[in-house]
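Both backbone and side-chain heavy atoms feed into the values below; hydrogens, waters and symmetry mates do not. This chain uses plain numbering: 1 for the first residue, then up along the sequence.
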Amino acid sequence: MGQVLKKISWVFIVIISILLLVIAVSFINHRIQFNREAVLLTPLGTMVNVNNHRMHVYAEGSGPRTLVFLSGGGTSSPVLDFKGLYSKLSDRYRVVVVEKAGYGYSETAAVYWDIDTILEETRSALSLAGEQGPYILFPHSMSGIEALYWAQKYPGEVTSIIGLDPAVPEAYDKYPLPSKFMMGLTGFGARVGITRFFPGVVNSSPAIKENLLSEQEKGVYRAIFYKKTQTSNMNEEVKMIADNARKVAEGGIPEVPIYFFISDGGEIPLSDWKEQLMNYAESAANGKYMILDCGHYVHDYEPEIIADESVKYIEGL
């Protein structure tokens, strides 16, 4: 029995040693690649100081309306993710992308990620970058909650919400969120560079897969992905989303015009995702929607349709 236990102990030690070696090699490679990629990580827009951390605000174009794009949870590079859509709108309007703490070029920061903090940081970043409302909000996925709360709390600042498969509060009543352990494990893997051994993950990002970016922009996207995947802010956002959604649900449906572009729901782990968004839009005082035969990142899969429809809708407001 003693010999068996000794063998098991040695096997365990060998396995742990191999794992530690893999982690060490991965981390060293990660740091080396970071240094090489530094030249790619010059912010494309304006950096502003919000609550003692720097946030990135990108803007282009000009026009009578200002469109503000808000990314979904875990989207590493919002500026590049939305590019396929906003580049088709910036010849008519001012388009702005706000990257929250822990996203894109913005710094990761120790902030309490309740819905009020998220919204006030977005508003502050826009103001400090010189942008002025009222705004037409283009939220994707989880940011649908922020956009709806914005319209509830500051209705004078929101002309309309054009949702890109946006989450509505009811979705988080039963949305299967990842556990804290799983988020911690994947976050650790990202920080030590394990994700670099699986390039298919970043290359499956819709903005890359749909060829909406130049080769140089794809390189920047990958560099940001390896730096800003499963950040502490992203994980905190997931932990807080159910509470944030409940608060927004209590405020009711905001009285602003709403137009939702809804995916086929196939990439969402909720069987009634599509129906929830349809019902929400139908319940709004001035709501409409369009069902698209594509995945969750609707702005990457169908940018032409969304751009054309958005222009017609905005001109009719």
Side-chain angles (χ1 to χ4, degrees), residues 42-73 75-83 85-87 89-109 111-164 166-167 224 228 231 233-234 236-237 244 248 251 254 256-259 299 310 314 317:
T42 301
L44 301 175
T46 302
M47 299 299 296
V48 296
N49 192 299
V50 178
N51 294 333
N52 297 315
H53 63 89
R54 298 200 308 158
M55 289 179 64
H56 180 241
V57 180
Y58 175 80
E60 70 177 48
S62 61
R65 308 275 194 178
T66 299
L67 320 181
V68 175
F69 290 77
L70 306 169
S71 70
T75 300
S76 299
S77 180
V79 167
L80 293 177
D81 176 61
F82 284 127
K83 183 177 176 62
L85 176 56
Y86 69 65
S87 62
L89 296 167
S90 59
D91 60 336
R92 289 174 173 264
Y93 312 108
R94 178 75 167 170
V95 298
V96 186
V97 182
V98 180
E99 296 188 322
K100 294 175 283 191
Y103 286 76
Y105 295 102
S106 295
E107 292 179 339
T108 300
V111 291
Y112 183 61
W113 227 217
D114 66 310
I115 190 64
D116 285 282
T117 301
I118 293 173
L119 175 57
E120 295 310 322
E121 290 212 342
T122 297
R123 294 177 67 245
S124 294
L126 285 166
S127 178
L128 290 168
E131 303 299 334
Q132 296 181 336
Y135 304 113
I136 296 176
L137 306 181
F138 277 72
H140 173 234
S141 194
M142 195 179 287
S143 280
I145 301 301
E146 179 185 359
L148 294 171
Y149 189 58
W150 197 338
Q152 290 173 351
K153 193 171 183 179
Y154 303 105
E157 295 181 7
V158 180
T159 301
S160 177
I161 297 173
I162 299 180
L164 306 170
I224 295 174
K228 293 291 178 66
T231 65
N233 293 118
M234 292 175 182
E236 186 68 17
E237 191 175 16
N244 289 339
V248 175
V256 299
I258 289 173
Y259 191 176
H299 50 284
S310 293
I314 291 170
L317 288 173

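Summarising the geometry of Ser310 relative to Ile162, their closest heavy-atom pair is OG-CG2, 3.9 Å, with the distance given to 0.1 Å. In this structure, Pro78 and Gly104 approach most closely via the heavy-atom pair CD-N, 4.0 Å. Nearest heavy atoms, Leu148 versus Ile161: CD2-CD1, 3.9 Å. Across all non-hydrogen atoms, the minimal contact from His56 to Glu99 is ND1-OE1, 2.8 Å. Here the shortest heavy-atom pairing between Gly72 and Tyr103 reads O-CE2, 3.7 Å. Contact between Ala101 and Trp113 at its shortest, heavy atoms only, is CB-CH2, 3.9 Å.
The backbone N or O of Arg65 lies less than 3.5 Å from no partner atom in the side chain of Arg94, so there is not a single donor-acceptor pair. In terms of modelled atom types and a separation under 3.5 Å, the side chain of Thr231 and the main chain of Gly102 share a donor-acceptor contact. When atom types are taken as modelled, the side chain of Asp81 and the backbone of Ser76 share no donor-acceptor pair closer than 3.5 angstrom. For Tyr105 (side chain) and Ile224 (main-chain N/O), no donor-acceptor pair under 3.5 Å exists by modelled atom type. A distance-only check finds no donor-acceptor pair linking the side chain of Thr46 to the backbone of Ala129 [under 3.5 Å]. Between the side chain of Ser160 and the backbone N or O of Pro257 there is at least one donor-acceptor pair closer than 3.5 Å. Side chain of Ser90 to main chain of Val95: no donor-acceptor pair is present (N/O by atom type, distance under 3.5 Å, no hydrogens or angles).
Between Glu120 and Lys153 there is a salt bridge, since at least one side-chain N of the basic residue sits less than 4.0 Å from a carboxylate O of the acidic one.
In this structure the side chain of His299 never reaches within 4.5 angstrom of the side chain of Phe138, judged on heavy atoms. Using a 4.5 Å heavy-atom threshold, the side chains of Trp150 and Tyr135 count as touching. Contact of the Leu85 side chain with the Leu164 side chain is registered, since non-hydrogen atoms from C-beta on lie closer than 4.5 Å. Two residues are said to be in side-chain contact when any heavy atoms from C-beta on lie closer than 4.5 Å; Gln152 and Pro254 meet this criterion. Leu67 is listed as a side-chain neighbour of Ile314, based on a closest heavy-atom distance under 4.5 Å. When side chains are defined from C-beta on, Asp114 counts as touching Asn244, because their heavy atoms get closer than 4.5 Å.
Residue-environment remark: CZ (Arg92) stays at or below the threshold of 12 foreign heavy atoms within 6.0 Å.
The one candidate from Glu236, Glu121, Lys100 that meets the side-chain contact (heavy atoms from CB on, under 4.5 Å) condition with Val111 is Glu121. None of Val57, Val50, Asn49 except one satisfies the side-chain contact (heavy atoms from CB on, under 4.5 Å) rule with Leu128; the exception is Val50.
Between the side chains of Glu131 and Thr66, not a single donor N or O lies within less than 3.5 Å of an accepting N or O.
In this structure, Phe69 and Phe82 have tilted ring planes: the angle between them lies in the 30° to 60° band.
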(request) Output, in order, the C-alpha distance, side-chain angles, deciding distance and verdict of side-chain contact (heavy atoms from CB on, under 4.5 Å) for Ile118 and Ile145. (result) CA-CA 10 Å; Ile118 293 173; Ile145 301 301; over 6 Å; no

(message) Pair Thr122, Leu126 - check side-chain contact (heavy atoms from CB on, under 4.5 Å), show working.
(response) CA-CA 6 Å; Thr122 297; Leu126 285 166; 4.2 Å; yes

(message) Assess the residue pair Tyr93 and Ile136 against the criterion (side-chain contact (heavy atoms from CB on, under 4.5 Å)); give the C-alpha distance rounded to whole Å, side-chain angles, the decisive distance to 0.1 Å, and a yes or no.
(response) CA-CA 10 Å; Tyr93 312 108; Ile136 296 176; over 6 Å; no

(request) Take Met55 and Ser106, measure what side-chain contact (heavy atoms from CB on, under 4.5 Å) needs, and give me the verdict at the end. (result) CA-CA 4 Å; Met55 289 179 64; Ser106 295; 3.9 Å; yes

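Atom CG of residue Leu119 and atom OG of residue Ser143 lie 11.0 Å apart, to the nearest 0.5 angstrom. Here the straight-line distance linking atom CE of Met47 with atom CZ of Arg54 works out to 4.0 Å at 0.5 Å rounding. For the atom pair CD (Glu146) and OG (Ser71), the distance works out to 9.0 Å, reported to the nearest 0.5 Å. To the nearest 0.5 Å, the span separating OG1 on Thr108 from CE on Met234 amounts to 7.5 Å.
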